**Student:** 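I'd like to ask some things about the structure below.
Within every chain, numbering begins at 1; the chains are lettered A, B, ... in the order of the sequence lines, protein sequences first and strands thereafter. On a predicted model such as this, the values are computed, not experimentally measured, just so you know.
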Amino acid sequence: MMLTSVFRDSSQVTKQVKLIQTVADPLADKWGRPLQIMEVCGGHTHAIFKFGLDQLIPKSIEFIHGPGCPVCVLPIEAIDQAVTIAEQSDVIFTSFGDPLRVPGSKKSLLKAKAQGADIQVLYSPLDAIALAKNNPDKQVVFFAIGFDTTMPSIAFSLLTAAQQGINNLRFLCHHIRLMPTLMALLAGEKVQLDGFVGPGHVSMVIGAHAYQPIAKRYRKPLVIAGFEPVDFLQALYQLILQLAQGRCEIENAYARVVTAEGNLSAQQAISTVFDDGVDSQWRGLGVVPGSSVKIKECYQAFDARQLLNNTVLSQSSVEIKDPGYCNAVLMGKLKPDQCPLFRKQCTPENPKGALMVSGEGACAAYYYYKGT
Amino acid sequence: MMLTSVFRDSSQVTKQVKLIQTVADPLADKWGRPLQIMEVCGGHTHAIFKFGLDQLIPKSIEFIHGPGCPVCVLPIEAIDQAVTIAEQSDVIFTSFGDPLRVPGSKKSLLKAKAQGADIQVLYSPLDAIALAKNNPDKQVVFFAIGFDTTMPSIAFSLLTAAQQGINNLRFLCHHIRLMPTLMALLAGEKVQLDGFVGPGHVSMVIGAHAYQPIAKRYRKPLVIAGFEPVDFLQALYQLILQLAQGRCEIENAYARVVTAEGNLSAQQAISTVFDDGVDSQWRGLGVVPGSSVKIKECYQAFDARQLLNNTVLSQSSVEIKDPGYCNAVLMGKLKPDQCPLFRKQCTPENPKGALMVSGEGACAAYYYYKGT
Amino acid sequence: MCLGIPAKIIAITDLANSLALAETAGVQRQVSVAMLTLKGKTIESLVGEWVLLHVGFAMALINQEEADRALDLLAQMDPDSQ
Amino acid sequence: MCLGIPAKIIAITDLANSLALAETAGVQRQVSVAMLTLKGKTIESLVGEWVLLHVGFAMALINQEEADRALDLLAQMDPDSQ
Amino acid sequence: MQQLIDEIFLSVFDDTPLQSQLKEDQAQLPLAEFTAHGDRLAFTTDSFVVTPLIFPCGDIGKLAVCGTVNDLAVGGAKPLYLSAGFIIEEGIEFKLLESIVSSMAKTAQQAGVRIVTGDTKVVERGMADQLFINTSGVGVIPSRIQVKVSAAQPGDKILVNGFIGDHGAAVMLARENLGLYSDLRSDCAPLSLLIHPLLAQCPQIRCMRDATRGGLGVVLNEIAKASQVTIELFEPELPIRPQTQAICEILGLEPLFLANEGMAAFVVPAQQVEQALQLMQSHPLGQQAKVVGQVTETSQGMVYLSTAYGGKRMLETPYGVQLPRIC
Amino acid sequence: MQQLIDEIFLSVFDDTPLQSQLKEDQAQLPLAEFTAHGDRLAFTTDSFVVTPLIFPCGDIGKLAVCGTVNDLAVGGAKPLYLSAGFIIEEGIEFKLLESIVSSMAKTAQQAGVRIVTGDTKVVERGMADQLFINTSGVGVIPSRIQVKVSAAQPGDKILVNGFIGDHGAAVMLARENLGLYSDLRSDCAPLSLLIHPLLAQCPQIRCMRDATRGGLGVVLNEIAKASQVTIELFEPELPIRPQTQAICEILGLEPLFLANEGMAAFVVPAQQVEQALQLMQSHPLGQQAKVVGQVTETSQGMVYLSTAYGGKRMLETPYGVQLPRIC
Ligand code: SF4
Ligand code: SF4
Ligand SMILES: [Mg+2]
Ligand SMILES: [Mg+2]
Ligand SMILES: [Mg+2]
Ligand SMILES: [Mg+2]
Ligand SMILES: [Mg+2]
Ligand SMILES: [Mg+2]
Ligand SMILES: [Mg+2]
Ligand SMILES: [Mg+2]
Ligand SMILES: [Mg+2]
Ligand SMILES: [Mg+2]
């Protein structure tokens, strides 16, 4: 991976860490507190721990792990819907691997599979189209989750199915949009933070320009970062520099992939298929206005919720509350390992909260990578 | 089995063998040839070898093993129909164990089962009714074979299903009637025989009186026998006595089970459900006029042939001919072990002819019980 | 052909549908007695009777008198006196 | 979130449906290039280009000039001169 | 799933050395323990796939221990150690698994063997029939013992230690939708308990074989062919329970081809028959022991039955499994 | 079916003693052969349930032989004899079965072990996933060899003999509908061929473990916990093929938790590391051998990685199998 290895170079990393320290330490000194940086994206949380960057970055910088894991925030109700559909005898239920372990109110998809439901892990929604063609007497359902990065692929696959007259493929969509989620976070004003490391792959779709309200309205700088150590540190350095220089801008430190306007075809696929601005309740976040989408009226035939017609998911059963700690972690008030449930009642095998659910969750990252 | 053991008493057997010899030997001497006795029923063929009676009965008596195995004579087409239906995905195909190994033109039912068809062995057609009730979204098909003994149970089960409004149970009927088969045998006049040991359990249904045409029209004596050694030998003794005394009557040596008129309810069940007198082609026998039945028009909903609607079983595929030897064995012209294919090309694992197919067949009995 | 086995009716399990429990040497099964010719007897009176079973149906009442008669006949036969 | 991986387009497999074969370090998969912004280029001309893959779709052309620029920038940075 | 399973196995085997051995990829067993008892290692394996998992008087766990213990014992070996390999269908009830594993532990204890190495694999739902168990076993054969399947000689007697066909009949009734019920129970038992004292007294026993799949009929055919002799069975002497007999008559089966799991055929030289019979009959696993046949002559290898009436019939190995039939 | 199967097995194993042993219910093996080589019997079992049955550069048959040979070898034993238990789904293609069985025979020959006892069971269609194989194995451990999983000590080095994760990645690509293709091949191999000469020269090796299910990460955690030590892995030193690395990045997997079938972890005292490394690298199965870590201190038992950048991260045993993910 020619393009990757140069962005993993360790001498480069050493240099960058030194640069960051040179800027951050005096600034934190001046402010009398560490700089509070939110890495929005679970992928960055993961990279920080996987590459051991947490131990390299000066103490003058503190990370607040953002809400950027679409699996962690998936509401219990979404899993219950998925299980209900997957257990229908004529359904082949397909999904990315990520949500399979997430507990529903009764069971996870993995448990449903163990009990006999036909659940298959796919790498791409394109493969669900092929599966539907090869199984004309089955209903194929694809569990569509993910941020703005994944939505275009789902939308495009749905449009392809429509074009090809495939009538046995449906999508169960629980997408979450990044910008409304960030805006809600900032609007809540509960979080003390100085700036953002912006998510590289969401940005590839929505474009760097999309973040302007963050800088304009909330006066927070944001630098878009790739996922290699050198990428991340470069963005962090640029962010710290902005703070030191009192600037507040949207910068793009991942320009080889991210453009200002983003991927226009992808944006168009989204707006063709989905109605925008749906309020939605997320695990650990609560109701976030306008944070989700739904399939447009004209594509209702492809909405898997139709298969839930007569199923009333009992309200009481979905009333499983997150412990309050998760929210505190999301707001930067607690580190994962400061949560009293962490590694005790709450483990990846038996997660009590959203952030332990997926490998991308901040608590799971602490669990696997930080040790006792 | 209080009622059975006394009819297996070995001192009784010894006495009976002696009695038979006393009558048979002089008679054969007089005629200058052994007495040719046909035991019609495969159950008797089986008993003769199982109890080793073949070695006790004097050489002055020769058995001709009759056509009395409904599995052996089952045409290849019947198996092909069964396989075709069993392989339909919504069918639970049920059957007595007997026909499962019988080769069709492409495969046996056992092979179809190995390839994934849902085929279940039942002891009673009553159990097929229960199965149909418990599997309302499946078509349950019962493979109905057998002589007059079995037909009433099939007819009664069909009537029960009709009464109870069960609409997912069907019968694939390939019944063979005894009397038309015997009459055809006698009409052909190819068989040199002196008298019949009559089948006990068919007689229980049709009654002893049903055999009168054999005595009247064809001048052959017949004695109905049970299946225990003492039963069989008693009947044989009575038959030899008739021959010695020049009588030609229908006698009943199994009167604890068989009456003159037979089981009238059973006969009525048959005539309610089945149309009589259907010509049919049997393996090893050829076309036997009036030897079969078909489900009456008004019960067509229960006829599994409906499931064959659009399936044309290719004629060429069912044109697998029996080797001529089987017919010669059936006509008493060859003993099974005189057939050149016996135990060489023709074995229970790979039967070349009808009589090797079922454990009741004469060739299979020789194979298993007589050794090399 | 046509395996048949003697069994004793030990209980009536479903009068309406003529189902009974039959036993042979400690082996039991529910069978139909609907096709037995009862000659005026009630189904309940079958309990204790021996029947001849085939594929789950009682196809004949076993006639004990006829059985005894056959055994008597056998006892009287003497090959040495013939 | 949103795993993405650079891959090189090595062949167009289905022009009508914008499907191409992409390779990363000897691992290949058929991907859709339908959502790439081609800026006047033909799909055929993608062969040899690097793209960023997500769930079977090429979501961005990787801009080699920008990559080089970033690397140059890094090379120029010197913590000791700051 | 894997973790829960490991817990079950550890909790049940905790009085055996499995716990510590499980940490290693292999059990390590002092060879001195083997050489103290004999000069040959006996080594055998069997997989168990019985349906249903629990049947009258036994379960797949008991069966898996007995089956391998018996295959060692009939070779004249003192069974010492077993391995246990589990293939588990995802979604099996843990209570069921637990009871089966604890039945294994109990049976192993009874049989005086230790389960020292194991493996569990979980396969997806629909990819196995609930549970399969493989056991392999090692034991040691005393120097003076030389039993082998090819050692039968004319004049030898054939003994069995118990009723014929009970296991096969009981499992068939538990498995199939035949609507038949009886109080018949599997004879599943560790025969080493019987064979060990027997061999001590009658070391000249020619050969033994547990009459599992295929039943006594197949086992005797194997002995006859391996030894190149003819075996005669006395049909009236065959110990068959009335229930087993009745099931066979109802379904048209041959009891000699039904499986047994606690019954073996013993080929014993004539001069030791009395002693062997007495020893067997005085043991709980041999109370029904009987002389059921004899080796009559050298031949290509065949088995026949002498009937009660002085007739004979051959006992050929049947083709395929027995199916219930109506004619 | 059974008969056809028996024919396959006999025809394929006919240059091994299985033919004659198959007549018996157990293999009988002279104990003298064991005592000539050592003082402990090693005994192990594994069931193999891999899907698909044939994968790049291997199949379930080769795997079943290598897996058990390797579990004996990592105990320091010379593998001698194997058992083979087959559970076969009715309707399997005979050609497939034949090729798998002949692959077993070939692998056994390469590994210098003999398959001496076996069992086949056929289950109904839908009751198994084509074919499962259990192999158990016995071998002998030389007196001077004392490897055990609890023997790692601070100062010891961790070596591996080859690339990490190839088997797991290759099988995942062959199994799942992921649409990914590569020329990656399973590393499946009988490690006894490497370990035997290695132990002869470096008998002080503390412990070895083949990094099968759970991969190197799990195996090292087991060693760390059993030995109550901390193990440090040098991340930049881990030998990972670019294809394996790419598959892991595409699917969000950790190569340290992918299965291997011809790669083991070796814990070697510092003073023997050079010699061990040279020996391994000069052997075909150890060409990629590397020192990948060290035992740093006594502890409750933990494993961490030192990253290329001087950071550390813990390597915890993951919960459940790894699933391909998008985020
Ligand atoms: S440890 Fe569990 S309960 Fe605590 S914050 Fe993390 S996810 Fe929530
Ligand atoms: S041996 Fe075979 S071919 Fe010959 S008569 Fe008998 S069934 Fe027919
Ligand atoms: Mg065995
Ligand atoms: Mg065995
Ligand atoms: Mg055995
Ligand atoms: Mg194992
Ligand atoms: Mg199952
Ligand atoms: Mg093992
Ligand atoms: Mg192993
Ligand atoms: Mg191992
Ligand atoms: Mg076996
Ligand atoms: Mg399968």
**Student:** Need one label for C:R29: side chain, backbone, both or neither, based on atoms under 4.5 Å from any heavy atom in chain B.
**Tutor:** side chain
**Student:** Name each donor-acceptor pair under 3.5 Å that joins a side chain in residues 7-15 of chain C to protein atoms two or more places apart or in another chain, with its distance.
**Tutor:**
unit_1	atom_1	unit_2	atom_2	d
C:T13	OG1	C:L19	O	3.1
C:T13	OG1	C:Q30	OE1	3.0
C:D14	OD1	C:A16	N	3.3
C:D14	OD1	C:N17	N	3.1
C:D14	OD2	C:N17	ND2	2.9

**Student:** Contact part of B:Y123 toward chain C, heavy-atom cut-off under 4.5 Å: side chain, backbone, both or neither?
**Tutor:** both
**Student:** Check whether the side chains of B:D98 and B:S358 place a donor and an acceptor atom closer than 3.5 Å, and report yes or no.
**Tutor:** no
**Student:** Give, as side chain, backbone, both or neither, the part of B:Q267 having an atom under 4.5 angstrom from any heavy atom of chain C.
**Tutor:** neither
**Student:** Please flag which part of B:V205 lies under 4.5 Å from any non-hydrogen atom of chain C: side chain, backbone, both or neither.
**Tutor:** side chain
**Student:** In terms of heavy-atom proximity below 4.5 Å to chain C, should B:Q16 be classed as side chain, backbone, both, or neither?
**Tutor:** side chain
**Student:** Donor-acceptor pairs are to be reported for all side-chain atoms of residues 52-62 of chain C against protein atoms at under 3.5 Å, with residues two or more places apart or in another chain.
**Tutor:**
unit_1	atom_1	unit_2	atom_2	d
C:H54	ND1	C:L3	O	2.8
C:H54	NE2	B:T150	OG1	2.8

**Student:** Given the rule in the side-chain hydrogen bond (donor to acceptor under 3.5 Å, both in side chains) test, do B:Q242 and B:Q238 qualify, once you have shown the distances and angles that lead to the verdict?
**Tutor:** CA-CA 6 Å; B:Q242 284 203 44; B:Q238 290 182 213; over 6 Å; no
**Student:** Relative to chain B, which segment of C:L71 carries a heavy atom at a distance below 4.5 Å: side chain, backbone, both, or neither?
**Tutor:** side chain
**Student:** Please, which pairs that meet salt bridge (Lys or Arg N to Asp or Glu O under 4.0 Å) have at least one residue in residues 257-269 of chain B, sequence neighbours excluded?
**Tutor:** none
**Student:** Let me know if B:V230 has heavy atoms under 4.5 Å from chain C in its side chain, its backbone, both or neither.
**Tutor:** side chain
**Student:** Is C:L36 in contact with chain B via its backbone, its side chain, both, or neither, using a 4.5 Å heavy-atom distance?
**Tutor:** backbone
**Student:** By a 4.5 Å heavy-atom criterion (distance strictly below it), what part of B:A269 contacts chain C: side chain, backbone, both, or neither?
**Tutor:** side chain
**Student:** If we ignore hydrogens and angles and just use 3.5 Å, is the side chain of B:S95 paired with the main-chain N or O of B:G97 as donor and acceptor?
**Tutor:** no
**Student:** How would you list, in number order, the residues of residues 38-48 of chain C that have a heavy atom less than 4.5 Å from chain B?
**Tutor:** none
